[in-house]
S.K.: 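Please find one structure pasted underneath; my questions will follow.
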Amino acid sequence: MSKQKSPPEQPCFNFTSSPVPKFSMEKVLVLIVGAGPSGLAVAACLSELSIPYCIIEREDCSASLWRKRTYDRLKLHLAKEFCELPHMSYPSDTPTYIPKEQFVRYVDAYVDHFNIFPKYSTSVESCKYNEVSNCWGVMAHDKVTGLEIEYTARFLVVATGENSEGIIPEIPGLHDFPGEVIHSSSYKSWNNYAGKGVLVVGCGNSGMEIAYDLASHGVETSVVIRSPLHVMTKGLINLGMKLFNWRLPLKFLDFILVTFANIRFGDLSKYGIVRPNMGPFLLKAKTGRSAVIDVGTIELIKKGFIKVLGPISRIRGNSVEFEDGKECSYDSIVFATGYKSTANRWLKNGESMLNNNGMPKREFPNHWKGGNGLYCVGLAMKGLAGISHDAKCVAADIKSIVDSMGPF
């Protein structure tokens with residue numbers, strides 16, 4: 001993995017008699033909050049249009065979710081042609097389904113190629129629109145120097161992502177559980193759980209793949225499945241993406257995928273897995289919920305190496321009680337229960353674009369624009385392809401406004 005690059009060195013002056021300033025003000029045309037794939041994509045698109053910007057990031061690196069909060073065996077679930085960032089393809093020798101480390105190298109190359117210099121370790125404390133100046137006033141904190149920075153920006157891009165913070169649900173007795181309790185963002189590998197009994201709560205892609213990683217290496221594993229889900233293969237999803245580009249009706253496309261999935265996996269209801277009434281692509285479009293792409297988990301469930309359980313009712317010590325009356329003891333619990341946006345914690349006057357959960361009010365593809373120069377990228381639950389779409393739309397819209405306005 002290549003190192004994060006630093007901005008060009010500035011001349012160094014030693015003013016020993018003057019204290020380091022604790023407050024500064026910066027006036028920028030576009031302020032991008034977040035240097036994950038969303039923020040980097042916007043930066044690249046703005047660069048292509050020769051529009052100046054500033055990008056700030058609360059972590060000490062770009063794409064921190066991918067670097068710090070993903071498990072070791074992760075690969076992109078969609079084929080590489082659906083996972084490119086704008087204006088830069090993957091190298092020709094890149095595998096169809098890209099491993100985590102290779103994707104991080106692609107991100108580093110992307111940062112280098114477009115000369116993106118995020119201001120790392122800089123967290124937004126508050127943000128409010130000023131009706132007098134027609135600009136966004138953003139208060140940020142440099143966590144390294146302690147400097148407070150006030151940005152004045154004509155345009156503000158929220159690129160902090162839908163996965164800003166992991167969710168662990170409230171369960172009676174959870175706080176008294178004596179074993180390890182983590183969110184899936186902290187899970188790395190089965191190595192830490194050898195000889196233990198582990199309960200994985202959540203049946204999305206992360207939960208099912210973590211369960212596979214554990215059980216395939218001999219760890220006693222159970223998984224909580226609380227709701228209906230579609231199980232697909234990577235090949236079926238790849239087929240669906242290509243058929244989707246042919247603009248087939250979603251219901252017909254879903255019929256094809258579900259038919260093939262039933263042939264591949266058989267009736268899974270006897271193993272505790274029930275399909276939703278809505279097809280996988282329509283479900284994704286309406287709710288943002290993705291199909292589970294099987295990596296071998298289903299076979300281990302069928303063979304009994306992974307036990308499927310229903311919703312949890314409460315926890316007593318290291319014993320977990322389930323709504324159907326079953327009771328089992330575990331050493332560790334991994335919550336693969338999703339993430340949430342945290343944009344509403346710092347963004348004021350964002351009601352034109354975001355709802356109370358910090359997600360877009362309008363549906364894709366018209367979700368990315370709010371009022372007063374406010375935009376969002378990567379909040380449509382459409383993955384990397386959605387990020388690319390959003391970034392191009394935002395940059396083009398800013399360009400059209402800049403071309404029609406006077407000097408900033």
S.K.: Check whether more than 12 heavy atoms from other residues, nucleotides or ligands sit under 6.0 Å from atom NZ of Lys302, and answer yes or no.
M.R.: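 Result for NZ/Lys302: enclosed.
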S.K.: Should we say atom NZ of Lys188 is surrounded by more than 12 heavy atoms from elsewhere, each under 6.0 Å from it?
M.R.: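 Yes - once you tally the heavy atoms of other residues, nucleotides and ligands closer than 6.0 Å, there are more than 12.
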S.K.: When you measure from the side chain of Asn344 to the backbone of Leu347, do you find a donor-acceptor pair of N or O atoms at a distance under 3.5 Å?
M.R.: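 The answer is no, because no donor-acceptor pair under 3.5 Å joins these two groups.
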S.K.: Quick one, Ser222 and Val198 - any side-chain contact, counting heavy atoms below 4.5 Å?
M.R.: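 Side chain of Ser222 against side chain of Val198, heavy atoms only: no contact under 4.5 Å found.
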S.K.: Does a donor on one side chain sit under 3.5 Å from an acceptor on the other, for His141 and Glu125?
M.R.: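 No, because no side-chain N or O of His141 sits under 3.5 Å from a partner of the opposite role on Glu125.
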S.K.: Should the pair Glu321-Arg316 be classified as a salt bridge under the 4.0 Å nitrogen-to-oxygen rule?
M.R.: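 Salt bridge: yes.
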S.K.: Nearest 0.5 Å, please: how far is SG in Cys127 from CE in Met139?
M.R.: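 Those atoms lie 11.0 Å apart.
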S.K.: Between Lys392 and Pro86, what is the shortest heavy-atom contact and its length?
M.R.: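 That would be CE-CB, 3.9 Å.
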S.K.: If you compare all heavy atoms of Gly240 against all heavy atoms of Phe281, which two are closest, and at what distance to 0.1 Å?
M.R.: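 Heavy-atom minimum between the residues: C-CZ, 3.5 Å.
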S.K.: Taking CG in Asn356 as the centre, count heavy atoms belonging to other residues, nucleotides or ligands within less than 6.0 Å. Is the count above 12?
M.R.: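 Not more than 12 within 6.0 Å, no.
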S.K.: Taking Thr94's backbone N and O only, do any of them form a donor-acceptor pair with Lys80's side chain (distance below 3.5 Å, no angle check)?
M.R.: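 Indeed, once roles are kept as given, a pair shorter than 3.5 Å links the two residues.
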S.K.: Do Lys143 and Ser123 have side-chain heavy atoms sitting under 4.5 Å apart?
M.R.: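 Heavy-atom side-chain distance check passes, below 4.5 Å.
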S.K.: Specify whether His183 and Tyr339 have parallel, tilted or perpendicular ring planes, treating 30° as the upper limit for parallel and 60° as the lower limit for perpendicular.
M.R.: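 Plane angle over 60°, so perpendicular.
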S.K.: Looking at Glu84, I'd like to know if its CD atom is crowded, meaning that more than 12 non-hydrogen atoms belonging to other residues, nucleotides or ligands lie closer than 6.0 Å.
M.R.: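 Yes, enclosed.
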S.K.: Would you say the side chain of Asp397 lies within less than 4.5 Å of the side chain of Lys369, judging by non-hydrogen atoms?
M.R.: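 Yes, at least one pair of side-chain atoms sits under 4.5 Å.
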S.K.: Test your reading of the model: is there a side-chain donor-acceptor pair from Thr337 to the backbone of Ile167, 3.5 Å cut-off?
M.R.: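 Pair found, side chain donor or acceptor close to backbone of Ile167.
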S.K.: Mind listing the closest non-hydrogen atom pair of Ile55 and Tyr53 along with its distance?
M.R.: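 Of all heavy-atom pairs spanning Ile55 and Tyr53, the closest is CG2-CE1, 3.9 Å.
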S.K.: Have Lys100 and Thr70 got a donor and an acceptor in their side chains that come within less than 3.5 Å?
M.R.: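 There is such a pair (donor and acceptor under 3.5 Å, judged by atom type) between the side chains of Lys100 and Thr70.
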S.K.: Among side-chain atoms of Glu180 and Tyr193, is any donor-acceptor pair under 3.5 angstrom?
M.R.: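 Judged by distance alone, the side chains do pair up.
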S.K.: Has Asn318 got a side-chain atom pairing as donor or acceptor with Gly179's backbone, closer than 3.5 angstrom?
M.R.: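 Flag not set: sc Asn318 to bb Gly179 has no pair under 3.5 Å.
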S.K.: Please check if the number of heavy atoms outside Glu363 that lie under 6.0 Å from its CD is greater than 12.
M.R.: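 Not buried by this count: 12 neighbours or fewer within 6.0 Å.
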S.K.: Got a second to check how far Lys382's NZ is from Ser290's OG, nearest 0.5 Å?
M.R.: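 The distance works out to 9.0 Å.
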S.K.: Would Cys393 and Trp368 count as a side-chain contact (heavy atoms from CB on, under 4.5 Å) here? Give the steps.
M.R.: CA-CA 8 Å; Cys393 290; Trp368 50 270; 3.5 Å; yes
S.K.: Give a yes or no on whether the backbone of Leu282 and the side-chain of Asp254 come within a donor-acceptor separation of less than 3.5 Å.
M.R.: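 Answer holds: yes.
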S.K.: When rounded to the nearest 0.5 angstrom, what distance separates CD1 in Ile116 from CD1 in Ile32?
M.R.: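 Nearest 0.5 Å value for the CD1-CD1 distance: 8.0 Å.
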S.K.: Tell me whether Arg67 is salt-bridged to Asp108, with the criterion being a basic N under 4.0 Å from an acidic carboxylate O.
M.R.: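 Counted as a salt bridge, because a side-chain N and a carboxylate O are separated by less than 4.0 Å.
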S.K.: Mind checking whether Ile225 and Ile273 have side chains closer than 4.5 Å, heavy atoms only?
M.R.: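 Counting from C-beta outward, Ile225 and Ile273 do come under 4.5 Å.
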S.K.: Does any N or O in the side chain of Ser164 come within less than 3.5 Å of the main-chain N or O of Ser341, such that one atom is a donor and the other an acceptor?
M.R.: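 Absent.
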S.K.: Will you find, in the side chains of His367 and Arg362, an N or O donor that is under 3.5 Å from an N or O acceptor?
M.R.: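 His367 vs Arg362: no donor-acceptor pair found between side chains.
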S.K.: Any ion pair linking Glu165 and Arg345 (charged N to carboxylate O, less than 4.0 Å)?
M.R.: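 Salt bridge present between Arg345 and Glu165.
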S.K.: Applying salt bridge (charged side-chain N to carboxylate O under 4.0 Å, His left out), can you list everything that pairs with Glu209, at least two apart in sequence or on another chain?
M.R.: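 With sequence neighbours excluded, Glu209 shows a salt bridge (charged side-chain N to carboxylate O under 4.0 Å, His left out) to Arg73, given in chain and number order.
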S.K.: Any luck finding a side-chain donor-acceptor pair between Asn262 and Arg275 under 3.5 Å?
M.R.: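 Asn262 vs Arg275: donor-acceptor pair found between side chains.
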S.K.: Does a sphere of radius 6.0 Å around NZ in Lys326 hold more than 12 heavy atoms from other residues, nucleotides or ligands, not counting ones at 6.0 Å or beyond?
M.R.: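 No - once you tally the heavy atoms of other residues, nucleotides and ligands closer than 6.0 Å, there are 12 at most.
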S.K.: List the steps and the verdict of side-chain contact (heavy atoms from CB on, under 4.5 Å) for Val224 and Ile312.
M.R.: CA-CA 8 Å; Val224 170; Ile312 298 171; 4.2 Å; yes
S.K.: Can you confirm whether more than 12 heavy atoms, excluding those of Lys68, are under 6.0 Å from its NZ atom?
M.R.: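 For Lys68, atom NZ is crowded (more than 12 foreign heavy atoms under 6.0 Å).
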S.K.: Report the C-alpha distance between Tyr71 and Ser184 in whole Å, list the side-chain angles of each, state the deciding distance to 0.1 Å, and finish with yes or no for side chain to side chain donor-acceptor pair (under 3.5 Å).
M.R.: CA-CA 8 Å; Tyr71 43 91; Ser184 57; over 6 Å; no
S.K.: Between the side chain of Asp142 and the main-chain N/O of Thr122, is any donor-acceptor distance below 3.5 Å?
M.R.: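 Absent.
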S.K.: Would you say Thr152 and Val28 make side-chain contact, with heavy atoms under 4.5 Å?
M.R.: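 No, side chains not in contact.
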S.K.: Output the distance between atom CG (Asn357) and atom CD (Glu162), rounded to the nearest 0.5 Å.
M.R.: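 Separation between the atoms: 12.5 Å.
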S.K.: Among Leu49, Leu29, Val42, Leu46, which residue meets the side-chain contact (heavy atoms from CB on, under 4.5 Å) test with Ile398?
M.R.: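 Per the side-chain contact (heavy atoms from CB on, under 4.5 Å) rule, the option paired with Ile398 is Leu46, out of Leu49, Leu29, Val42, Leu46.
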S.K.: So Val201 and Val334, do their side chains get closer than 4.5 Å, heavy atoms only?
M.R.: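 Not touching, per the 4.5 Å side-chain cut-off.
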S.K.: Taking atom CD of Glu131 and atom OH of Tyr129, what is their separation to the nearest 0.5 Å?
M.R.: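 So the CD of Glu131 and the OH of Tyr129 are separated by 6.0 Å.
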S.K.: Could you check whether atom NZ of Lys307 has more than 12 heavy atoms from other residues, nucleotides or ligands sitting under 6.0 Å from it?
M.R.: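 Check fails, neighbour count at 12 or below.
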S.K.: Looking only at heavy atoms, what is the nearest atom pair of Pro169 and Leu174, with distance?
M.R.: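 Pro169 and Leu174 have their closest heavy atoms at O-CD2, 3.8 Å.
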S.K.: Closest approach of Ser47 and Phe114, non-hydrogen atoms and distance?
M.R.: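 Here Ser47 and Phe114 meet closest at OG-O, 4.1 Å.
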S.K.: Any side-chain to backbone donor/acceptor pair from Thr160 onto Val158? Under 3.5 Å, distance only.
M.R.: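 No.
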S.K.: For the pair Tyr106 and Tyr110, name the ring-plane relationship: parallel under 30°, tilted 30 to 60°, perpendicular over 60°.
M.R.: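 Tilted, since the angle between the ring planes falls between 30° and 60°.
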S.K.: What's the shortest heavy-atom distance between Pro99 and Lys75, and which atoms?
M.R.: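 What the structure gives for the nearest pair is CA-CG, 3.8 Å.
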S.K.: Does a side chain donor of either Asn191 or His217 reach within less than 3.5 Å of an acceptor in the other side chain?
M.R.: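 No, no side-chain donor-acceptor pair sits under 3.5 Å.
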S.K.: Using only atom types and a distance under 3.5 Å, with no angle test, would you say the side chain of Ser64 pairs donor to acceptor with the backbone of Cys61?
M.R.: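 No.
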S.K.: Hey, do the aromatic rings of Phe364 and His389 have their centres closer than 6.0 Å?
M.R.: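 Yes: the rings meet the under 6.0 Å criterion.
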S.K.: Drop me the distance from Tyr187's OH to Ile182's CD1, to the nearest 0.5 angstrom.
M.R.: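 Here the interatomic distance stands at 8.0 Å.
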S.K.: Going by side-chain contact (heavy atoms from CB on, under 4.5 Å), Val231 matches just one of Leu236, Asp294, Thr297. Which one?
M.R.: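 When side-chain contact (heavy atoms from CB on, under 4.5 Å) is applied between Val231 and each of Leu236, Asp294, Thr297, only Asp294 qualifies.
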S.K.: Under 4.5 Å between any side-chain heavy atoms of Pro360 and Cys376, yes or no?
M.R.: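 Contact flag for Pro360/Cys376 side chains = yes.
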S.K.: Is any side-chain heavy atom of Leu374 less than 4.5 Å from a side-chain heavy atom of Trp136?
M.R.: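 They are in side-chain contact.
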S.K.: Begin with the C-alpha distance, continue with both residues' side-chain angles, and end with the deciding distance and a verdict on side-chain contact (heavy atoms from CB on, under 4.5 Å) for Tyr212 and Glu299.
M.R.: CA-CA 9 Å; Tyr212 173 81; Glu299 187 64 23; over 6 Å; no
S.K.: Quick one: does Glu57's side chain have a donor or acceptor within less than 3.5 Å of a partner on Ala35's backbone?
M.R.: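 Yes.
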